[in-house]
Peer 1: 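Quick one: structure below, then a few questions.
Nothing here was measured: the structure is a model prediction, and the numbers come from that model. Residue numbers start at 1 and run along the sequence shown.
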Amino acid sequence: MKILVTGATGFIGNHLVKKLIKSGRQVWCLVRPTSDKDKVKKLRVLGAKIVVGDLKKVKKIKLPKKIDWVFHLAALVDTTNSFSYFTLYQENVKTTQDLAEFYLGKIERFVFLSSMAAIGIRHQSRLVTEETACHPTSNYGQSKLEAENCLLKLNQEKKLPVVILRAP
């Protein structure tokens, strides 16, 4: 199985890449030109193939064409409301949509790592389910929810095989 991972130099991405390679998968990691060189080197040592590029320019990146699964973990995380919604939209929504459209009709699964920020409220006494209403309270949460909605629309209209995970 051939897998592309974005956000591979991050905490979750790095552990995912290790697990995928250990289980015999062929892994490509899309990393930014500004990514930490030591982290990229460690991915190479693990056996990952490295693709350098900016997700804001998906069509210009030499992405592998024959991929079975995409794990899209890359995002601009903003826990302090430091970024404008426009910036977060460009980094989190537009890049997600562009990457999904690039692989539309070519992959078995597109796995998107969203965030509990898309729900936007704390549920201390209730179980959060797929039916829990979303009311993001930050620009970051709004951008993650909008990225989810773009993927769901691609699923409904063009059969994108998508899985959305909301990590706490």
Side-chain angles (χ1 to χ4, degrees), residues 1-32 35 39-40 42-44 46-59 61-79 88-120 128-132 134 136 140-168:
M1 180 180 278
K2 298 175 181 178
I3 298 171
L4 174 70
V5 178
T6 70
T9 59
F11 179 76
I12 295 172
N14 185 265
H15 286 288
L16 174 64
V17 170
K18 286 178 186 176
K19 186 77 171 170
L20 291 170
I21 290 173
K22 188 175 180 180
S23 66
R25 304 319 194 262
Q26 293 179 36
V27 179
W28 282 259
C29 299
L30 175 59
V31 299
R32 290 172 291 158
S35 291
K39 291 181 179 182
V40 174
K42 287 177 183 176
L43 292 170
R44 273 196 181 99
L46 288 171
K49 294 170 182 70
I50 304 300
V51 178
V52 178
D54 184 342
L55 272 172
K56 290 181 280 188
K57 301 172 186 171
V58 165
K59 293 178 182 169
I61 302 171
K62 292 186 188 279
L63 290 169
K65 304 280 189 244
K66 299 205 179 220
I67 290 292
D68 299 305
W69 284 42
V70 172
F71 284 88
H72 180 42
L73 313 182
L76 176 58
V77 179
D78 183 16
T79 58
L88 289 162
Y89 177 89
Q90 294 298 315
E91 295 284 342
N92 295 339
V93 182
K94 186 76 171 98
T95 57
T96 299
Q97 182 177 3
D98 290 347
L99 184 64
E101 287 176 349
F102 180 85
Y103 281 111
L104 196 58
K106 302 173 190 168
I107 58 173
E108 294 174 23
R109 186 81 56 224
F110 188 98
V111 180
F112 176 63
L113 182 62
S114 186
S115 170
M116 291 297 289
I119 293 174
V128 174
T129 69
E130 291 85 357
E131 287 78 34
T132 300
C134 294
Y140 171 69
Q142 184 62 42
S143 75
K144 294 304 268 188
L145 179 61
E146 193 159 344
E148 289 180 16
N149 290 335
C150 283
L151 293 173
L152 292 172
K153 184 176 180 183
L154 285 170
N155 171 264
Q156 291 169 351
E157 294 177 359
K158 299 188 178 181
K159 306 298 183 217
L160 176 72
V162 66
V163 173
I164 297 171
L165 305 171
R166 287 184 182 152

Peer 1: Among pairs that include at least one residue of residues 93-103, which meet salt bridge (charged side-chain N to carboxylate O under 4.0 Å, His left out), considering only residues two or more places apart or in two chains?
Peer 2: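 As it turns out, the salt bridge (charged side-chain N to carboxylate O under 4.0 Å, His left out) pairs with a partner in residues 93-103, which skip direct neighbours, are Lys94-Asp98.
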Peer 1: For the atom pair CG (Leu104) and CG (Leu160), what is the distance rounded to the nearest 0.5 Å?
Peer 2: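 Rounded to the nearest 0.5 Å, the CG-CG separation comes out at 6.0 Å.
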Peer 1: If you define the side chain from C-beta out and look only at heavy atoms, does anything of Phe110 sit under 4.5 Å from Leu99?
Peer 2: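 Phe110 reaches Leu99 side chain to side chain.
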Peer 1: Name the residue from Val51, Leu30, Ile3 that meets the side chain to side chain contact (heavy atoms under 4.5 Å, CB included) definition with Pro64.
Peer 2: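 By the side chain to side chain contact (heavy atoms under 4.5 Å, CB included) criterion, Pro64 pairs with just one of Val51, Leu30, Ile3: Val51.
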Peer 1: Enter the distance from Gln97:CD to Leu154:CG here, rounded to the nearest 0.5 Å.
Peer 2: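 Separation between the atoms: 6.0 Å.
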Peer 1: If you round to the nearest 0.5 Å, how far is OG of Ser143 from CG of Leu76?
Peer 2: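 It is 7.5 Å, given to the nearest 0.5 Å.
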Peer 1: Which pairs with one or both residues in residues 146-168 pass ring-ring contact (aromatic ring centres under 6.0 Å, His included), sequence neighbours excluded?
Peer 2: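 Every candidate ring-ring contact (aromatic ring centres under 6.0 Å, His included) pair involving residues 146-168 fails, so no pair, neighbours aside, qualifies.
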Peer 1: Report the residues that fulfil side-chain contact (heavy atoms from CB on, under 4.5 Å) with Arg44, sequence neighbours left out, ordered by chain and then residue number.
Peer 2: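 Partners of Arg44 by the side-chain contact (heavy atoms from CB on, under 4.5 Å) criterion, ordered by chain and then number, come out as Val40, Ile50.
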Peer 1: Is the shortest side-chain heavy-atom distance between Lys153 and Lys158 below 4.5 Å?
Peer 2: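 No, every pair of side-chain atoms sits at 4.5 Å or beyond.
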Peer 1: Can any side-chain N or O of Asn92 pair as donor or acceptor with the backbone N or O of Lys144 at less than 3.5 Å?
Peer 2: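 Answer holds: no.
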Peer 1: When you compare the side chain of Thr79 with that of Tyr140, does any pair of heavy atoms fall below 4.5 Å?
Peer 2: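 No, every pair of side-chain atoms sits at 4.5 Å or beyond.
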Peer 1: Closest heavy-atom contact between Leu63 and Tyr103?
Peer 2: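 Minimum heavy-atom contact is CB-OH, 3.4 Å.
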Peer 1: Kindly write out the residues that satisfy salt bridge (charged side-chain N to carboxylate O under 4.0 Å, His left out) with Arg25, not counting sequence neighbours, or none if the list is empty.
Peer 2: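 None.
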Peer 1: Kindly indicate, with the supporting measurements, whether the criterion side-chain contact (heavy atoms from CB on, under 4.5 Å) is fulfilled by Leu152 and Ile164.
Peer 2: CA-CA 9 Å; Leu152 292 172; Ile164 297 171; 3.9 Å; yes
Peer 1: Work out which heavy atom in Asp68 is nearest to a heavy atom in Met1; give both atom names and the distance.
Peer 2: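 So the minimum-distance heavy-atom pair works out to OD2-CA, 3.4 Å.
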Peer 1: Could you give the distance from CG (Leu145) to OG (Ser114), rounded to the nearest 0.5 Å?
Peer 2: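 Between atom CG of Leu145 and atom OG of Ser114 there are 7.5 Å.
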Peer 1: Can you give the donor-acceptor pairs under 3.5 Å from side chains of residues 4-15 to other protein atoms, not counting sequence neighbours?
Peer 2:
residue, atom, partner, partner atom, Å
Thr6, OG1, His72, ND1, 2.7
Thr6, OG1, Leu73, N, 2.9
Thr6, OG1, Ala74, N, 3.1
Asn14, OD1, Lys18, NZ, 3.4

Peer 1: Write down the atom of Cys29, the atom of Ala48, and the distance for their closest heavy-atom approach.
Peer 2: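 Taking every non-hydrogen atom into account, SG-CB, 3.7 Å.
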Peer 1: What I'd like to find out is whether the side chain of Cys150 reaches to under 4.5 Å of the side chain of Thr96, using heavy atoms alone.
Peer 2: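 The answer is no, as the side chains (C-beta and beyond) never meet within the 4.5 Å cut-off.
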Peer 1: Drop me the distance from Arg166's CZ to Cys134's SG, to the nearest 0.5 angstrom.
Peer 2: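 Rounded to the nearest 0.5 Å, the CZ-SG separation comes to 4.0 Å.
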Peer 1: Atom NZ of residue position Lys56 - does it have more than 12 heavy atoms of other residues, nucleotides or ligands inside 6.0 Å?
Peer 2: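 Count not over threshold, so no.
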Peer 1: State, yes or no, whether a side-chain contact exists between Thr95 and Val58 at a heavy-atom distance under 4.5 Å.
Peer 2: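 Answer no - side chains too far apart.
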Peer 1: Please assess Val31 against Lys39 for the test side-chain contact (heavy atoms from CB on, under 4.5 Å), listing each intermediate value before the final yes or no.
Peer 2: CA-CA 10 Å; Val31 299; Lys39 291 181 179 182; over 6 Å; no
Peer 1: Can you find a heavy atom in the side chain of Ile21 that is under 4.5 Å from one in the side chain of Val17?
Peer 2: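 Touching, per the 4.5 Å side-chain cut-off.
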Peer 1: What residues, two or more places apart in sequence or in another chain, satisfy side-chain contact (heavy atoms from CB on, under 4.5 Å) together with Gln26?
Peer 2: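 Scan of Gln26 (side-chain contact (heavy atoms from CB on, under 4.5 Å), adjacent residues dropped) gives Lys2, Trp28, Lys49.
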